[in-house]
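Take a look at the structure set out below.
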Amino acid sequence: MTPSGSMSLVSSCSGSPGAVPAGESDSLQTAQRVRERVPIKQFSDLVPGSSSAIYDPSNLAVGPDGALWVTNNTDQDSGESAVVRISTSGTRTNTYFFSGVTSQGSYLDDITTGPDGALWVTDGYNEEILRLSVQGKYTRFPLGSYGSPSGIVTGPDKALWFTENFGAKADVVKMTTKGKLTPYATTGELIDIASGSDGALWFTDFGGNHIGRITTTGKITEYSKGISAGAQPFSIAPGPDGALWFTELAGRIGRITTGGKVTKYSNGITQTEMPQDLVAGPDGAMWITEFGSGSGSTGAKIGRTTMQGKITEYSKIDPASGPSGITKGLKGDLWFGEGSTNEVGRLRIR
């Protein structure tokens with residue numbers, strides 16, 4: 001593969017990659033018919049600067065301006081972490097560096113578009129939430145005793161909701177755009193959070209091996225039936241079927257209805273993969289980033305699952321790329337970060 005070059009993802013499963021399982025809708029059949037190759041283009045060197053600086057593109061969001069906004073981290077000895085704005089053509093248009101509040105740097109993790117037309121970012125290292133205007137101005141909201149934030153999303157109530165952990169303490173926190181915090185205590189090690197079709201927020205508990213649901217008034221329900229010990233639920237996203245879909249680092253994809261019924265799928269996922277993030281695609285399926293084995297040095301893939309749990313893996317991406325976050329752009333293209341190679345990939349399903 002050549003950096004910034006164009007390539008195709010080719011299914012690593014046996015049989016025709018364009019085949020559609022019986023029982024799927026006509027729309028899915030249309031989307032997948034004669035689709036033997038899924039084109040992808042990769043865009044490298046997102047963050048300018050010293051050649052010794054190694055950046056880690058992790059999570060992405062579509063901004064209010066229609067562009068892609070990507071969190072990028074590096075060791076504080078090599079440079080400053082940043083949020084990068086890229087156009088839908090893959091061109092980096094702006095880089096907004098954030099050094100943190102001390103010489104120890106920052107760690108910019110999740111990112112979402114807020115109800116106020118700005119980007120909101122979790123900075124786990126400095127235990128704060130950042131507001132980033134589309135003009136590139138950061139505003140800090142320190143969390144104090146609330147701990148280290150991870151996932152963040154705009155809720156149906158037009159508030160920001162994020163997960164945070166501090167030692168043995170874990171909270172789901174509601175935050176207004178003015179910075180008012182309302183924590184709701186739970187247990188475990190919370191990672192990701194998403195809005196469900198039922199008007200509630202849903203989150204993953206990595207350490208406790210359950211999926212949580214919280215209403216906008218703060219009522220928490222936890223679901224563990226059907227989730228095995230050591231599953232390590234990681235990312236969660238709404239599906240086109242009204243359910244929530246989630247990844248498990250142990251190598252499975254999960255589906256949970258808004259009533260709490262869990263179904264797990266693993267047939268079709270390479271045993272050494274660690275599914276990371278997932279998003280609903282324009283074809284009525286969920287698309288998944290698969291980090292690969294170990295430190296991400298081998299076996300990176302992109303996965304796809306139908307609503308019936310039919311999983312297909314596409315292996316023709318850089319096996320050392322370490323794909324992480326994935327999101328859907330305004331034009332229907334899927335965009336994902338490649339943390340191990342400082343690239344962003346664009347997956348086009350047409």
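Please read these numbers as outputs of a predicted model, since none were measured by experiment.
Across all non-hydrogen atoms, the minimal contact from Gly179 to Met175 is CA-CE, 3.8 Å. Between Thr216 and Tyr184 the shortest heavy-atom distance is O-OH, 4.5 Å. Closest approach of Leu334 to Pro282, counting heavy atoms only: CD2-CD, 4.2 Å. Between Val134 and Gly117, the shortest heavy-atom distance links the atoms CG1-O, 4.0 Å. Between Gly155 and Ser195, the shortest heavy-atom distance links the atoms CA-OG, 3.8 Å. Looking at every heavy atom in both residues, Asn72 comes nearest to Pro57 through OD1-CG, 3.3 Å.
Hydrophobic clustering keeps Ile193 apart from Phe246 (ILVMFWY residues linked when any side-chain heavy atoms are closer than 4.5 Å, directly or through intermediates). Residue Ile211 is not grouped with residue Ile214 when hydrophobic side chains (ILVMFWY) are merged at heavy-atom distances under 4.5 angstrom, including chains of intermediate members. Cluster annotation: Tyr265 is not connected to Leu244 through the hydrophobic network of ILVMFWY side chains, with a link wherever side-chain heavy atoms come within less than 4.5 Å. Connection of Leu330 to Val344 is established within a shared hydrophobic cluster, with ILVMFWY side chains joined at heavy-atom distances below 4.5 Å, either directly or through further cluster members. Residues Ile86 and Trp69 do not share a hydrophobic cluster, clusters being chains of Ile/Leu/Val/Met/Phe/Trp/Tyr side chains in contact below 4.5 Å.
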For the pair Arg255 and Thr263, evaluate side chain to side chain donor-acceptor pair (under 3.5 Å) and give the outcome as yes or no after the intermediate values.
CA-CA 5 Å; Arg255 177 185 184 272; Thr263 307; 4.9 Å; no

Side chain to side chain contact (heavy atoms under 4.5 Å, CB included) for Phe162 and Leu160? Distances and angles first, verdict last.
CA-CA 7 Å; Phe162 63 90; Leu160 296 156; 5.6 Å; no

Side chain to side chain contact (heavy atoms under 4.5 Å, CB included) between Leu119 and Thr113, intermediate numbers included:
CA-CA 5 Å; Leu119 287 304; Thr113 295; 3.6 Å; yes

Residue pair Asp198, Arg213: steps toward the salt bridge (charged side-chain N to carboxylate O under 4.0 Å, His left out) verdict:
CA-CA 10 Å; Asp198 57 347; Arg213 177 186 186 270; 2.8 Å; yes

Assess the residue pair Ile349 and Trp287 against the criterion (side chain to side chain contact (heavy atoms under 4.5 Å, CB included)); give the C-alpha distance rounded to whole Å, side-chain angles, the decisive distance to 0.1 Å, and a yes or no.
CA-CA 11 Å; Ile349 308 169; Trp287 289 80; 3.4 Å; yes

Might you work through the side chain to side chain contact (heavy atoms under 4.5 Å, CB included) test for Val47 and Val84, ending with a clear yes or no?
CA-CA 7 Å; Val47 181; Val84 173; 3.7 Å; yes

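One distance of note links OG1 of Thr186 with NZ of Lys169; it measures 11.5 Å at 0.5 Å rounding. Distance OG/Ser148 to OH/Tyr107: 10.0 Å, rounded to 0.5 Å. The NZ atom of Lys328 sits 15.0 Å away from atom CH2 of Trp335, with the distance rounded to the nearest 0.5 Å. One finds the CZ atom of Phe291 at 10.0 Å from the CG atom of Leu249 (value rounded to the nearest 0.5 Å). Within the model, atoms OG1 of Thr177 and CD1 of Ile129 stand 13.5 Å from one another, a figure rounded to the nearest 0.5 Å. Ser321 OG to Glu290 CD: the interatomic distance, rounded to the nearest 0.5 Å, is 11.0 Å.
Checking each of Ile111, Leu108, Val83 against Leu132 for a side chain to side chain contact (heavy atoms under 4.5 Å, CB included) leaves exactly one that passes, namely Val83. Just one residue in the list Glu343, Arg92, Arg346 forms a side chain to side chain contact (heavy atoms under 4.5 Å, CB included) with Phe43, and that residue is Arg346. Shown are Val121, Ile191, Thr122; of these, the side chain to side chain contact (heavy atoms under 4.5 Å, CB included) with Asp109 is made only by Thr122. Put simply, the residue from Ile326, Asp277, Val70 that forms a side chain to side chain contact (heavy atoms under 4.5 Å, CB included) with Asn59 is Asp277.
Within the 4.5 Å cutoff, the side chain of Pro149 has no heavy atoms near those of the Thr163 side chain. Using a 4.5 Å heavy-atom cutoff, the side chains of Thr88 and Lys331 are in contact. Side-chain atoms of Leu190 and Val172, non-hydrogen and from C-beta on, do get closer than 4.5 Å to each other. Put simply, the side chain of Phe141 does not reach to within 4.5 Å of the side chain of Leu143, judged on heavy atoms. With a 4.5 Å cut-off on side-chain heavy atoms, Tyr223 and Ile256 count as touching. By the 4.5 Å heavy-atom criterion applied to side chains, Trp202 and Thr258 are counted as neighbours. By the 4.5 Å heavy-atom criterion applied to side chains, Thr289 and Leu278 are not counted as neighbours. In this structure, the side chains of Asp110 and Trp120 stay at 4.5 Å or more apart for every pair of heavy atoms.
In this structure, Asp241 contributes its side chain and Ala243 its backbone to a donor-acceptor pair below 3.5 Å. A donor-acceptor pair under 3.5 Å is absent between the side-chain atoms of Asp192 and the main chain of Gly151, judged by distance alone. The closest donor-acceptor contact from the side chain of Ser228 to the backbone of Ala231 lies at 3.5 Å or more, if one exists at all. A donor-acceptor pair under 3.5 Å is absent between the side-chain atoms of Lys301 and the main chain of Gly292, judged by distance alone. Side-chain atoms of Asp123 do not come within 3.5 Å of backbone N or O of Glu128 as any donor-acceptor pair. The backbone N or O of Val153 lies less than 3.5 Å from no partner atom in the side chain of Thr112, so there is not a single donor-acceptor pair. Judged by distance alone, with hydrogens and angles left aside, the side-chain atoms of Thr247 form a donor-acceptor pair with the main-chain N or O of Gln276 at under 3.5 Å. Panel note: side chain Thr204, backbone Phe234; a donor-acceptor pair is recorded below 3.5 Å. Looking only at distances, no side-chain donor or acceptor of Tyr55 sits under 3.5 Å from a matching main-chain atom of Thr341.
In the model, Glu313 has a side-chain atom that pairs as donor or acceptor with a side-chain atom of Thr270 under 3.5 Å. No side-chain donor-acceptor contact under 3.5 Å links Thr312 and Arg304. There is a side-chain donor-acceptor pair under 3.5 Å between Gln42 and Glu338. A donor atom on one side chain and an acceptor atom on the other are not found under 3.5 Å apart for Asp56 and Asn342.
Residues that satisfy the side-chain hydrogen bond (donor to acceptor under 3.5 Å, both in side chains) test with Thr71, not counting sequence neighbours, are Ser58. Qualifying ring pair (Phe, Tyr, Trp, His ring centres under 6.0 Å) partners for Phe98, counting only residues two or more places apart in sequence or in other chains: Tyr138.
Lys158 has no carboxylate O lying under 4.0 Å from a charged side-chain N of Asp116, or vice versa, which leaves the two without a salt bridge.
Aromatic ring pairs are classed by plane angle as parallel below 30°, tilted from 30° to 60° and perpendicular above 60°; the pair Phe203 and His210 is perpendicular.
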